[in-house]
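Read through the structure below, which is laid out as C-alpha cells, and then see the notes.
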Amino acid sequence: MRSHTCGQLRREHIGQTVTLCGWVDTYRDHSGVLFVDLRDRYGITQVVFAPEGGDDNLTAAKGLRSEFVISVTGKVAARPEGTVNMKHSTGEIELRVEKLQILNKSATPPFQPTSKDLPGEDIRLKYRYVDLRRPEMQNTLVLRHRMIKILRDYFDEQNFVEIETPMLGRSTPEGARDYLVPSRVQNGMFYALPQSPQLYKQILMVAGYDRYIQLAKCFRDEDLRADRQPEFTQLDLEMSFITMEDIIGVIEGAVARLAKQILGIELTLPLPQMTYDEAMERFGHDAPDLRFGMELIDLTDLAKEAEFKVFRGTADAGGRVRGINASGAAEKYSRKGIDELTSFVVENFGAKGLAWFKVEADGKLASPIAKNFSPELLAKISERMGAKPGDLLLFVADSFEVSCKALYALRKRLAAELKLYDPKTMNFSWIVEFPMFAKDAETGGWAAMHHPFTSPRMQDVPLLDTDPEKCRAIAYDLVINGSEAGGGTIRIHDQELQQKVFDLLGIDRETAKERFGFLLEALQFGAPPHGGIALGVDRLVMLFAGLDSIRDCIAFPKTQRATDMMTGAPGLVDAKQIQELGIKVAKQ
RNA sequence: GGGGACGUAGCUCAAUUGGUUAGAGUACCGGACUGUCGAUCCGGUGGUUGCGGGUUCGAUUCCCGUCGUCCUCGCCA
C-alpha cells in the first residue's frame with residue numbers, strides 16, 4: 001500500500017515514484033496549487049497538488065481536512081529554490097501527487113495533534129487516540145519501547161529467564177491496598193491483583209530458576225500522584241547464590257546501558273552509595289536529589305546555647321534543630337515570600353514554624369528573632385551554615401522526623417524555585433542499609449520497612465533480640481534525580497530467622513501460615529540464598545524522557561480518581577454479573 | 001479523608017469595583033488566491049460562563065453546595 005514513510009524521503013529519492021500514507025496535518029489551499037503536510041509517526045512530508053497532477057486530484061484535495069487519512073502516489077521532486085524547509089527532515093523534497101486516495105475522513109478533531117497549545121489533560125485523555133498522534137507522545141512511547149527492548153536484551157545476555165506470574169493471586173493485607181477480583185466459582189472469595197510478583201519470584205528461586213526477570217504489571221489501590229498510577233509496570237528481578245553487590249552490579253550494568261544508548265551518557269560505575277542514615281541526616285529523605293547541594297545542617301548543639309526558647313527547648317527535649325542555606329536567596333524571598341514558605345512547612349509537614357535569617361552585606365544575621373541570640377552564637381551559626389552576604393538561612397526546630405520532612409520539602413521547593421540544577425542532568429545513586437523496622441503509626445508495634453521477607457545484615461541479627469530499631473536490612477534503593485526508581489532486598493532463606501522476624505512484626509504462626517504459608521513451606525524445600533530488586537519502568541521512562549508526569553509515558557493512564565477518561569472505566573456492571581459473583585453492592 | 005489551583009465557543013485564553021449585546025486567536029462553514037509551510041485576505045456560524053442553589057435592581061465576577069481535571073498531605077510493606 002505504501003512504499004515509504006513520511007519521514008523517509010530525501011534528495012536521493014528525487015525522480016522516484018512513491019506512495020505515502022498518513023494523516024493530513026495541515027493543508028494550504030492556494031487555489032491553483034494546494035499543499036498538504038502529511039504526517040505519520042515517522043515524520044512529515046509536504047505533498048503538492050497542482051494542475052499538472054490532474055485537475056481531478058486538485059479538486060478532490062480541496063475537500064481534505066485535518067486528520068483525514070489519505071494515500072498519495074506521485075514523484076519525489078526537489079523543492080523549488082527558496083522553498084526548502086529544514087524544520088522537517090524531509091524538507092528538501094516534496095511529493096508531486098498524481099493519485100490521491102482518501103482512505104478515511106475524520107470528524108473535526110477536538111484539537112490539532114501538532115498545535116502549539118496543548119489542551120487540558122482531561123481533553124487529552126478523553127481523546128487519547130488524538131493525543132497519542134502528537135509527535136511528543138509518539139517519541140515517548142517509542143523511547144519506552146526502546147528502553148524495554150534494551151533491558152530485555154541485556155538480561156537475556158546475562159542469562160536471565162523471563163517468567164510470567166499470575167495476575168489473579170491472593171490478597172496480602174500488608175502493604176498497599178489490593179485491587180480485588182471476586183470469584184464466581186467460589187462465591188465470597190476474592191483474588192487480588194498483584195502489588196508485585198514478590199512471593200512468586202522467591203518461589204521461582206526455590207524452583208531453581210536462579211536468574212529471573214519479568215516486566216510485570218502491578219496494581220496498588222492507593223491515591224494517585226504525578227509519579228504514581230494504580231496500574232504500573234515493574235522490571236522485576238530475582239537472583240540466587242548472590243550478594244547485594246551482585247544485584248547492584250547487574251542493575252548498574254543495565255542502567256549504564258540505558259544511559260549510554262538512550263541518553264548518550266557514559267556512566268561511571270560503580271554508582272555512589274549512601275546509607276539511609278546519612279541520607280536522612282544530610283537530606284531528610286531516603287531518596288535525595290543529589291543534583292544540587294543545599295544540604296541539611298545540624299545546629300542542635302548550638303541551639304542548646306541559645307536564649308531563643310524554640311531552639312533550646314527543642315534541643316533539650318531531644319529534638320533537632322536543622323537548617324538549610326538557600327544561598328543568594330535573601331533578596332528573592334521577601335517577608336511575604338518567607339511567610340509563604342513558613343505556611344508551606346507548617347500546613348503540610350507539621351512543623352511549628354520556620355526560623356530564618358538573612359545574611360546582610362556585613363555578614364551579620366538579620367531576623368526578627370536575632371535578638372534572642374548572642375552575637376557570638378550568631379557568629380557560630382553563620383560559620384556552621386557557611387553563610388555569605390545575600391544568603392537566606394532557614395531552620396526547623398522539631399522532632400527528627402518533622403525536621404526531615406519539612407526541610408526535605410523545603411530544599412526541593414527552593415531548588416526548583418532558585419533553579420539550582422539543570423533539569424537535563426541525570427544523577428544516579430544507591431541508598432543502602434535501610435532499617436529493618438519502622439514504628440507502625442496505628443498499632444505502635446514494629447512494621448517491616450520493606451517487606452517481612454527482607455534479610456537483616458548478618459552482623460545485625462543479634463539486634464533483633466536487643467534493639468530492633470538499630471537493625472539494618474540488606475536493602476538497596478536506586479535513586480535517580482531524587483526519585484525512587486527501584487528497590488530491592490536480600491531475602492531471608494532461613495526458617496528460624498524468618499520466624500524471628502515474624503515474631504517481631506507481631507505476625508503469629510497461624511497468621512503467617514494463613515497468609516503466606518505456601519512461601520514458608522517452599523522455603524523448607526531447599527531454598528537457595530536469594531535476593532532481588534524491582535525497578536519502576538514507567539518512572540524510569542519518565543526520568544529518561546525528562547517528563548514531569550508518569551501519565552505522559554503511559555499510553556492509557558488513569559486520572560487522579562483512577563478513572564479512564566476514554567473508556568469511562570470503572571463502570572457499572574449488570575445486576576446479573578453481580579449476582580453470579582455472590583456479592584452485594586452497598587450503595588449505588 | 002484533608003489543603004490548594006483551575007473550569008467561559010470544538011480547542012487555547014480574555015472580560016475593569018458586580019453593570020447593559022460575554023470578546024480574541026485558532027478550528028469549522030462560504031468566498032478570493034499557482035509556491036505555501038503557524039499561508040494570506042474577505043465574510044460567516046458557533047456560548048445553559050461545568051451543574052444546582054443563594055445574595056443583588058443586575059452575577060463569568062461574591063457566597064454555599066456539587067461534579068470534573070491537576071498539584072499536594074495522609075496513604076503508597
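Just so it is clear: chains get the letters A, B, ... in the order the sequence lines come, proteins before strands, and each one is counted from 1. Only this structure's heavy atoms are used, side chains among them; waters, hydrogens and symmetry mates stay out.
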Pick base, sugar-phosphate or nothing for A:Lys116, based on heavy-atom distances below 4.0 Å to the nucleic acid. nothing
Counting only N and O atoms by type, is there a donor-acceptor contact under 3.5 Å from the side chain of A:Asn481 to the main-chain atoms of A:Ser483? no
A:Arg561 CZ to B:rU66 P: how many Å, rounded? 13 Å
In whole angstrom, give me the gap between the C1' atoms of B:rG47 and B:rU12. 16 Å
I want to check one thing: is the phosphate of B:rC71, taken as OP1 and OP2, less than 4.0 Å away from some side-chain N or O of A:Arg551? yes
For the pair A:Thr489 and A:Arg491, evaluate side chain to side chain donor-acceptor pair (under 3.5 Å) and give the outcome as yes or no after the intermediate values. CA-CA 6 Å; A:Thr489 66; A:Arg491 329 297 183 191; 2.5 Å; yes
Can you check each nucleotide of nucleotides 28-36 of chain B against protein heavy atoms at under 4.0 Å and return B for base, S for sugar-phosphate only, - for none, in 5' to 3' order? SSS--BBBB
Which part of the nucleic acid does A:Ser115 contact within heavy-atom distance under 4.0 Å: base, sugar-phosphate only, or nothing? nothing
Pairwise P distance, B:rA32 and B:rU69 [rounded to whole Å]: 46 Å
Atom CZ of A:Phe344 and atom C1' of B:rG4 are separated, to the nearest Å, by 12 Å
From CG of A:Leu125 across to C1' of B:rG68 the rounded distance in Å is 12 Å
For A:Lys405, answer base if it contacts any base atom (sugar-phosphate contacts may also be present), sugar-phosphate if it contacts only those atoms, and nothing otherwise; contact means non-hydrogen atoms under 4.0 Å. sugar-phosphate
Atom OH of A:Tyr408 and atom C1' of B:rU72: how far apart are they, to the nearest Å? 13 Å
Mind checking the P distance from B:rG25 to B:rU45? Whole angstroms is fine. 14 Å
Is a side-chain donor or acceptor of A:His451 paired with a backbone partner of A:Phe453 at a separation under 3.5 angstrom? yes
Would you mind classifying the nucleic acid contact of A:Ala448 as base, sugar-phosphate or nothing, using non-hydrogen atoms under 4.0 angstrom? sugar-phosphate
Rounded distance in Å between the P positions of B:rA15 and B:rC33: 40 Å
Just by distance, no angles: are the side chains of A:Arg320 and A:Ser403 close enough, under 3.5 Å, to form a donor-acceptor pair? no
Re B:rC62: Watson-Crick or G-U wobble partner, both distances kept under 3.5 Å, found to be B:rG54
Could you please name the partner base of B:rU26, counting Watson-Crick and G-U wobble pairs only when both distances are under 3.5 Å? B:rG10
According to the Watson-Crick and G-U wobble definitions, with both distances under 3.5 Å, which nucleotide is paired to B:rC37? none
Would you sort out whether A:Gln198 and A:Gln202 count as a side chain to side chain donor-acceptor pair (under 3.5 Å), showing the intermediate values? CA-CA 6 Å; A:Gln198 182 62 36; A:Gln202 288 192 240; 2.9 Å; yes
Sorted by position of nearest nucleotide on RNA chain B, 5' first, the leading residue of A:Thr559 and A:Thr172 is A:Thr559
Between B:rU61 and B:rU16 - C1' atom distance, rounded Å: 11 Å
How many whole angstroms separate atom CD of A:Glu340 from atom P of B:rG3? 17 Å
How does each nucleotide of nucleotides 6-13 of chain B score, in 5' to 3' order, for protein heavy atoms under 4.0 Å: base (B), sugar-phosphate only (S), or none (-)? ----SSS-
A:Gln214 and A:Thr165: side chain donor to acceptor below 3.5 Å: yes
Can you label the angle between the A:Trp446 ring and the A:Phe437 ring as parallel, tilted or perpendicular, going by 30° and 60°? tilted
Neighbour count above 12 (heavy atom, 6.0 Å) for A:Arg509 CZ: no
Would the base of B:rC73 count as contacting A:Asn348 through its side chain, where contact means a donor and an acceptor less than 3.5 Å apart? no
Which label fits A:Phe502 and A:Phe516: parallel for a plane angle under 30°, tilted from 30 to 60°, or perpendicular past 60°? parallel
Nearest-Å distance once atom C1' is located in both B:rG44 and B:rA27: 14 Å
If the C1' atom of B:rU56 is compared with that of B:rG19, how far apart are they to the nearest Å? 12 Å
Any donor-acceptor pair under 3.5 Å joining the side chain of A:Arg225 to the base of B:rC70? no
Base B:rC76 paired with A:Arg220 side chain (donor-acceptor, <3.5 Å): no
By the Watson-Crick or G-U definition, both distances under 3.5 Å, B:rU69 is matched with B:rA5
Whole-Å distance between B:rC70 C1' and A:Ile550 CD1? 16 Å
Partners of A:Lys500 by side chain to side chain donor-acceptor pair (under 3.5 Å), sequence neighbours excluded? A:Asp465
Taking B:rA59 as the reference, what is the distance to B:rC67 when you measure between their P atoms (whole Å, please)? 25 Å
Who is the Watson-Crick or G-U wobble partner of B:rU20, with both distances under 3.5 Å? none
CG of A:Leu224 versus C1' of B:rG74: gap in Å, rounded? 15 Å
For the pair A:Arg79 (side chain) and A:Ile93 (backbone), establish whether a donor and an acceptor sit closer than 3.5 Å, ignoring hydrogens and angles. yes
Under 3.5 Å, is there a donor-acceptor pair between the A:Glu417 and A:Tyr333 side chains? yes
Taking CE from A:Met566 and P from B:rU69, how many angstroms apart are they, rounded to a whole number? 15 Å
